[in-house]
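Labels below follow one simple rule: chain letters A, B, ... track the order of the sequence lines, proteins then strands, and each chain is numbered from 1.
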Number of protein chains: 2
Amino acid sequence: MVTLADVARQAGVSSATASRVFGRPDMVGAETRAIVIEAADRLGYVANSTARALAMGSSGLLGLVVPQLSSSYFAPLISAVQSEVERSGFELIIVDSRGCPESEIEIARRLRGRVDGIIFASPRSPGAALAEAARAFPVVTVNRELPDIDSVSVDVIAGLTELCELLITAGHRTIAYLGGPPGSISDDGRFLTARTVIGDNGGEVLRFGPVEPTVSAGAESLSMLQEAGVHAVIAYNALVAHGLMFAAATVGARVPDDLAVAAVDDLIDIGLGLPSLTAITQPMGEAGSRAGRMLVGQAARPSGTDPDTRARTIQHLVLPSTLVIGETC
Amino acid sequence: MVTLADVARQAGVSSATASRVFGRPDMVGAETRAIVIEAADRLGYVANSTARALAMGSSGLLGLVVPQLSSSYFAPLISAVQSEVERSGFELIIVDSRGCPESEIEIARRLRGRVDGIIFASPRSPGAALAEAARAFPVVTVNRELPDIDSVSVDVIAGLTELCELLITAGHRTIAYLGGPPGSISDDGRFLTARTVIGDNGGEVLRFGPVEPTVSAGAESLSMLQEAGVHAVIAYNALVAHGLMFAAATVGARVPDDLAVAAVDDLIDIGLGLPSLTAITQPMGEAGSRAGRMLVGQAARPSGTDPDTRARTIQHLVLPSTLVIGETC
DNA sequence: CATACTGATGTAAGCGCTTACATCAATTGT
DNA sequence: ACAATTGATGTAAGCGCTTACATCAGTATG
């Protein structure tokens, strides 16, 4: 392993100068700089970022904790966070909590002292545990607002409200909400919003599910809805909505005439030639890059500054979701 | 930030003892150990893994470079690598190379000196660049065999051969290969294998595509195949196969009678009530855990040992793929 | 009872890097 | 021509941890 000292010796300068060549090139004479660089890559020098991290008091690593890595919901977020973070010269370490609240905080413990900050995407842990993880440590949450932690959330509620009003305007009074796997805070919120908005307009919401996030689960749910006599459904997920539509096509039910279909996301267009889906689009990529920027902002702040300066205002950024009106309702 | 020294002072021991309490608990008297631990969590001590890494000469971090994070192909691999690596007390840092060969090696440069080893999943970079990245540094490749680098690959060729024979046996002589995005080494390999096997049996392979990995792209490809008059197709991807089948159903073509369909993977079952797909299943999870284990094995080997001991034999592990015969051919 | 051994703890020297401070030559101003 | 300023470089003190080695008491052995 070739070290800075080796490079310095080879170049005939002190290790301080060698260090400066990489860290603050403008502090070094152009000539010396060239010699050092030349020496460095003759020797194949690669900076040891561990040592650098220790000396500088920060690792240049940021953490991103997601409930599920292979989820198309988080994919654009992960990708955006990664770009944003790399743009600022940080490295990203992504950890999959497997949707388990305990492992979220366990991960936070392990990551602390190794990374300069953490983003929790849609965390399921108790707020207190998260707050604890965030004390005196840069943390940003996504889709979860906690009093003392910066956050960026996507306001599905607004889009959902709009959607409910659309359905009401279209004459629907009984509307099904086909919900997702239990344990999701957002799922409850969505149902409640739908119930409130629709209730305020003299309608009624029936909650169905939970169903798995798959096309077949959606397809299988159709009979359930038909038996209940509903003619409008809000599916928590586009895959499920597609399943419903596919099953409807199979049994000869027309969309939207016999069944109006809408979804809370539009993650996937499997392109079966089905009518275009009315769905609430969530700007997860945008959320990711905002969260990334916030975290970089916190982490870059030199930790030595006095408490007053450090006591920044907590930011809660809320991004609007968009209702995209398709042919399905 | 509370350090080991703080804990030691609080506990009234030397920092060496405090260190040992965490690193080699059995070297410390039971009583002292209790006192130190007590002090540590009264103070809320979290070990600084950067410092530990520097002192011990290894970071406890491993890297995994994938061409696409949000790919269902790599999802089981990523997940398995993560489990394996965590089981061994390492942390995993996952980086998305966005399928770009240059960024693969750029990432390798950045990661080096920060992690103890790297897994490249289906790398597209030139072999020389990878070999360079792996010199005197633990590296494992997945789905790419290079002379000096440990690897684990999934032998799609074997399954594909079996598949071709199946099609030949079923009486097909002209078979379409519907290929994926360009630049994939494996895509070429698959086509060539198919051509060889089928050619050896007096058949002929027509290459179509490239098509995108989506259901709609598959659906749109049907007419192309029909015009060419083929009655058997090997799709590089299950989504595409599903699209073909869906389109076939739409135009009244029967599967497998009018068109035999097979796919090289079975990543997704969108469950449209279509006949079960004949496909080659790739054990990506297994590949991931094997690769993880290999890398841990390399990385755990103390780097100080003499060259003779270090010169281990290069391992190339090949996992068999399985041909799962469904109803589509 | 002196000697050798054992096990627990302390001392201090790094790990490879950054950076405040000191140094020194080359400029600049008067 | 001399002090003051500037810019480039060297010196050395850490960053928080691990660990080889020294130390020291307590036990076992002759």
Using only atom types and a distance under 3.5 Å, with no angle test, would you say the side chain of R114(A) pairs donor to acceptor with the backbone of N48(B)?
no
Does CZ belonging to R42(A) count more than 12 external heavy atoms closer than 6.0 Å?
yes
Just checking F22(A): base, sugar-phosphate only, or nothing, at a heavy-atom cut-off of under 4.0 Å?
nothing
Distances under 3.5 Å between nitrogen or oxygen atoms of protein and nucleotides 13-15 of chain C:
residue : atom : partner : partner atom : Å
dC15(C) : O2   : A55(B)  : N            : 3.3

Which residues satisfy the side chain to side chain donor-acceptor pair (under 3.5 Å) test with R20(B), sequence neighbours excluded?
none
Got a list of protein N/O to nucleotides 24-26 of chain C N/O distances below 3.5 Å?
none

Output, in order, the C-alpha distance, side-chain angles, deciding distance and verdict of side chain to side chain contact (heavy atoms under 4.5 Å, CB included) for E91(B) and V85(B).
CA-CA 7 Å; E91(B) 208 82 48; V85(B) 148; 6.0 Å; no
Going by the ring-ring contact (aromatic ring centres under 6.0 Å, His included) test, which pairs reach into residues 77-98 of chain A, not counting sequence neighbours?
none
Let me know the distance between CD1 of I35(A) and P of dA8(D), rounded to the nearest Å.
14 Å
I'd like a table of atom pairs between the protein and nucleotides 6-12 of chain C - only N or O on both sides, under 3.5 Å - with the distance next to each one.
residue : atom : partner : partner atom : Å
dT9(C)  : OP1  : T32(B)  : OG1          : 2.2
dT9(C)  : OP2  : G29(B)  : N            : 2.7
dT9(C)  : OP2  : T32(B)  : OG1          : 3.3
dG10(C) : OP2  : S14(B)  : N            : 2.8
dG10(C) : OP2  : S14(B)  : OG           : 3.1
dG10(C) : OP2  : T17(B)  : OG1          : 2.7
dG10(C) : N7   : R20(B)  : NH2          : 2.8
dG10(C) : O6   : R20(B)  : NH1          : 3.3
dG10(C) : O6   : R20(B)  : NH2          : 3.4

Just by distance, with hydrogens left out, do N143(A) and S153(A) show a side-chain donor and acceptor under 3.5 Å apart?
no
Residue list, side chain to side chain donor-acceptor pair (under 3.5 Å) with S15(A), at least two apart or on another chain
none
Quick one: bend of the helix from dC1(C)-dG30(D) to dT30(C)-dA1(D) from 5 pairs per end, to 10°?
40°
Listed by chain and number, what are the salt bridge (charged side-chain N to carboxylate O under 4.0 Å, His left out) partners of E104(B), not counting sequence neighbours?
none
Sequence neighbours left out, cut at 3.5 Å: what donor-acceptor pairs do the side chains of residues 74-83 of chain B make with other protein atoms?
residue : atom : partner : partner atom : Å
Q82(B)  : NE2  : E86(B)  : OE2          : 3.2
S83(B)  : OG   : R98(A)  : NH2          : 3.0
S83(B)  : OG   : S79(B)  : O            : 3.0

Rounded to whole angstrom units, what separation is found between the CZ atom of R24(A) and the P atom of dT18(C)?
10 Å
Partners of E84(B) by salt bridge (charged side-chain N to carboxylate O under 4.0 Å, His left out), sequence neighbours excluded?
R87(B), R293(B)
Under the salt bridge (charged side-chain N to carboxylate O under 4.0 Å, His left out) rule, what pairs show up with a residue in residues 3-17 of chain B, not counting sequence neighbours?
D6(B)-R9(B)
Side chain to side chain donor-acceptor pair (under 3.5 Å) partners for S19(A), two or more places apart:
none
Whether T50(A) side chain and L54(B) backbone form a donor-acceptor pair below 3.5 Å:
no
